[in-house]
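What you see is a predicted model; the values in this text were computed from it and never measured.
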Amino acid sequence: MPYFVTVNERLHHYAHHKGAGARAVVFANSLGTDLRIWDQVCANLPPEIPTLTYDKSGHGLTQGGAGSITALAQDLAALMDQLNLRDALICGVSVGGQIAQALAFGRPDLVAGLVLCNTGYKIGTAELWATRIATLKQDGLDAMADGIIERWFSADFRRTHPETVAGYRLMLTRTPAEGYAAVCGAIRDADLGNGTSQLTCPALCVAGGDDLATPPDVVEALAALIPNAQSTCYEGIGHLPCIEAPSRLATDIVAHYARLP
C-alpha cells in the first residue's frame with residue numbers, strides 16, 4: 001500500500017510491507033526510476049520479511065530538492081526514523097547503491113548489511129554527467145531515452161520483453177527533468193571511496209555481465225574496497241537485475257539476510 005509522509009520538509013512517497021519479522025529490507029532506486037522497479041523482487045521474498053520501497057527526491061511521487069548523495073541518504077534516514085526502522089538490510093541499485101553506502105557510513109545504526117547492485121563508490125566522470133545534464137536541458141529525456149534503455153537492459157531482454165522495456169521507457173521519460181538533473185549532479189559530485197572503505201557491515205556486491213552503465217569492473221572495484229565484501233556477477237543481465245532477474249536477486253537477498261548477525 002502506498003503512503004505519503006513529509007520528511008526533511010518535502011513530501012515523500014513510499015510503500016511499507018510490515019511483515020512479521022524484526023528486520024526489514026529497504027530498497028533504493030536507480031536514476032530515472034521509481035519504487036515499482038522492486039515489485040517482482042518483493043513478490044519473491046518470504047512474506048514475513050518487512051520491506052520498504054520509496055521514491056527518492058524528484059522521482060515518482062516524491063518532491064524534489066536533494067542535490068547530493070549525502071542529502072539523498074539523509075532523506076532515507078529520515079524516512080526510516082519516521083517508520084522506526086533500525087538495523088535493516090539496505091539494497092540499492094546504481095545511485096540507490098550509492099545512497100545505501102552513504103547511509104551505512106552516515107547512520108550505521110540503521111544498517112545491518114548491504115546489497116549493492118550495479119553501482120560503484122564513484123560512477124562515471126564529471127564530463128559524462130555534465131554532458132548528460134546539458135543534453136537533458138537541450139533535448140529532454142525522451143530524446144535520450146533509447147540510449148539510456150540500451151544501458152539499462154541487455155540486448156536479449158530488449159528483444160524478448162519489448163512491452164516491459166517500453167513500459168520502463170515510459171517510467172524514465174515521465175521522470176521530472178529537474179529531479180533527474182539534480183540526481184545526475186549528485187552522482188557527478190560523489191566519490192564515496194573514503195567512507196565506503198571503512199564500512200564494517202556485511203556487503204554483497206552484484207554486477208550484471210551485460211551492464212553498460214556500471215560494468216562488472218566498476219562493481220568489482222567497489223567489492224575490493226569494502227572489507228570482507230562478497231561479490232557475484234549475473235551473466236547476460238544488464239543494469240537493472242531487479243527487473244531482468246528478480247527471482248535470482250531475491251534469492252541472493254534472502255541468503256545475505258540470513259547471514260546478518
Side-chain angles (χ1 to χ4, degrees), residues 25-45 49 51 53 56 59 89-101 113-124 128 144-172 175 183 187 202-226 229-259:
V25 180
V26 176
F27 296 92
N29 311 331
S30 59
L31 176 65
T33 67
D34 64 34
L35 56 78
R36 289 173 290 184
I37 66 171
W38 302 107
D39 284 354
Q40 290 305 307
V41 176
C42 291
N44 279 280
L45 295 178
I49 295 180
T51 60
T53 58
K56 66 183 168 295
H59 286 63
L89 175 60
I90 314 296
C91 178
V93 62
S94 194
V95 67
Q98 293 195 312
I99 293 168
Q101 293 169 61
L114 295 167
V115 177
L116 303 173
C117 302
N118 305 73
T119 189
Y121 61 87
K122 184 170 181 61
I123 298 175
L128 180 153
M144 301 164 58
D146 289 344
I148 294 170
I149 289 294
E150 288 180 359
R151 291 190 291 275
W152 277 10
F153 300 115
S154 67
D156 183 65
F157 190 82
R158 298 197 308 272
R159 178 180 59 81
T160 57
H161 297 79
E163 291 180 332
T164 298
V165 171
Y168 284 108
R169 188 186 190 282
L170 287 174
M171 177 184 286
L172 169 65
T175 302
V183 175
I187 301 169
L204 171 66
C205 299
V206 177
D210 287 358
D211 183 359
L212 301 181
T214 50
D217 63 311
V218 173
V219 181
E220 289 165 7
L222 174 64
L225 188 68
I226 302 173
Q230 297 180 318
S231 64
T232 185
C233 183
Y234 295 2
E235 296 299 335
I237 300 298
H239 189 57
L240 298 176
C242 47
I243 296 172
E244 284 199 54
S247 177
R248 180 174 179 181
L249 181 56
T251 297
D252 282 344
I253 289 170
V254 170
H256 194 59
Y257 184 95
R259 287 191 290 264

Problem set entry | Any side-chain heavy-atom pair of Val165 and Trp152 under 4.5 Å | no
For this session: With the side chain counted from C-beta on, respond yes when Val218 and Pro215 share a heavy-atom pair under 4.5 Å apart, and no when they do not.
Result: yes
Exercise. So, Tyr257 versus Asp252: side-chain donor-acceptor pair below 3.5 Å or not?
Worked result: no
Exercise. Going from OG1 on Thr33 to CG on Leu240, what distance comes out if it is rounded to the nearest 0.5 angstrom?
Worked result: 7.0 Å
Exercise. Taking atom SG of Cys205 and atom CG of Leu222, what is their separation to the nearest 0.5 Å?
Worked result: 4.0 Å
Problem set entry | Sidechain-backbone polar pair: His256 side chain, Pro202 backbone, donor-acceptor under 3.5 Å | yes
For this session: Working to the nearest 0.5 Å, report the span between OG1 of Thr51 and CD1 of Ile253.
Result: 10.5 Å
Exercise. Mind checking whether Asp146 and Arg169 have side chains closer than 4.5 Å, heavy atoms only?
Worked result: yes
For this session: Decide yes or no on side-chain hydrogen bond (donor to acceptor under 3.5 Å, both in side chains) for Thr214 and His239, but give the supporting numbers first.
Result: CA-CA 7 Å; Thr214 50; His239 189 57; 3.2 Å; yes
Exercise. Got Val183 and Gln98 here, is their nearest side-chain heavy-atom distance under 4.5 Å?
Worked result: no
Exercise. Is a donor on one side and an acceptor on the other found under 3.5 Å between the side chain of Lys56 and the backbone of Ile99?
Worked result: no
Problem set entry | Flag side-chain contact, heavy atom, 4.5 Å: Ile37 against Tyr168 | yes
Exercise. So, Gln40 side chain and Ser247 main chain: donor-acceptor pair closer than 3.5 Å or not?
Worked result: no
For this session: Give a yes or no on whether the backbone of Phe153 and the side-chain of Arg158 come within a donor-acceptor separation of less than 3.5 Å.
Result: yes
Problem set entry | Minimum heavy-atom distance Ile237-Ala245, with the two atoms named | CD1-CB, 4.2 Å
Problem set entry | Gap separating the NZ atom of Lys122 from the CG atom of Leu225, nearest 0.5 angstrom | 13.5 Å
Exercise. Does Phe27 have any ring pair (Phe, Tyr, Trp, His ring centres under 6.0 Å) partners at least two apart in sequence or in another chain, and if so, which?
Worked result: Trp38
Problem set entry | Residues forming a side-chain hydrogen bond (donor to acceptor under 3.5 Å, both in side chains) with Arg36, sequence neighbours excluded | Asp34
Exercise. Between His59 and Gly32, is there a donor-acceptor pair closer than 3.5 Å when you use the side chain of the first and the backbone of the second?
Worked result: yes
Exercise. Stepwise, does the side-chain contact (heavy atoms from CB on, under 4.5 Å) test hold for Ile243 with Phe157?
Worked result: CA-CA 10 Å; Ile243 296 172; Phe157 190 82; 4.0 Å; yes
Exercise. What's the shortest heavy-atom distance between Arg159 and Asp156, and which atoms?
Worked result: NH2-OD1, 2.6 Å
Distance-only donor-acceptor pairs under 3.5 Å for side chains of residues 113-121, two or more places apart:
residue, atom, partner, partner atom, Å
Asn118, ND2, Asp211, OD2, 3.0
Asn118, ND2, Gly238, O, 3.1
Thr119, OG1, Ser94, O, 2.7

Exercise. For Pro241 and Leu249, which heavy atoms make the closest approach, and how far apart are they?
Worked result: C-CD2, 4.4 Å
Seminar exercise, completed: Interatomic distance, CG@Leu212 vs OG@Ser154, rounded to 0.5 Å, equals 9.5 Å
Exercise. Is His161 close to Glu244 at the side-chain level, that is, under 4.5 Å between some pair of heavy atoms?
Worked result: no
Seminar exercise, completed: Rounding to 0.5 Å, atoms CG (Leu31) and CD1 (Ile123) come to a distance of 9.5 Å
Problem set entry | Side chains of Glu220 and Ser231, donor plus acceptor under 3.5 Å | no
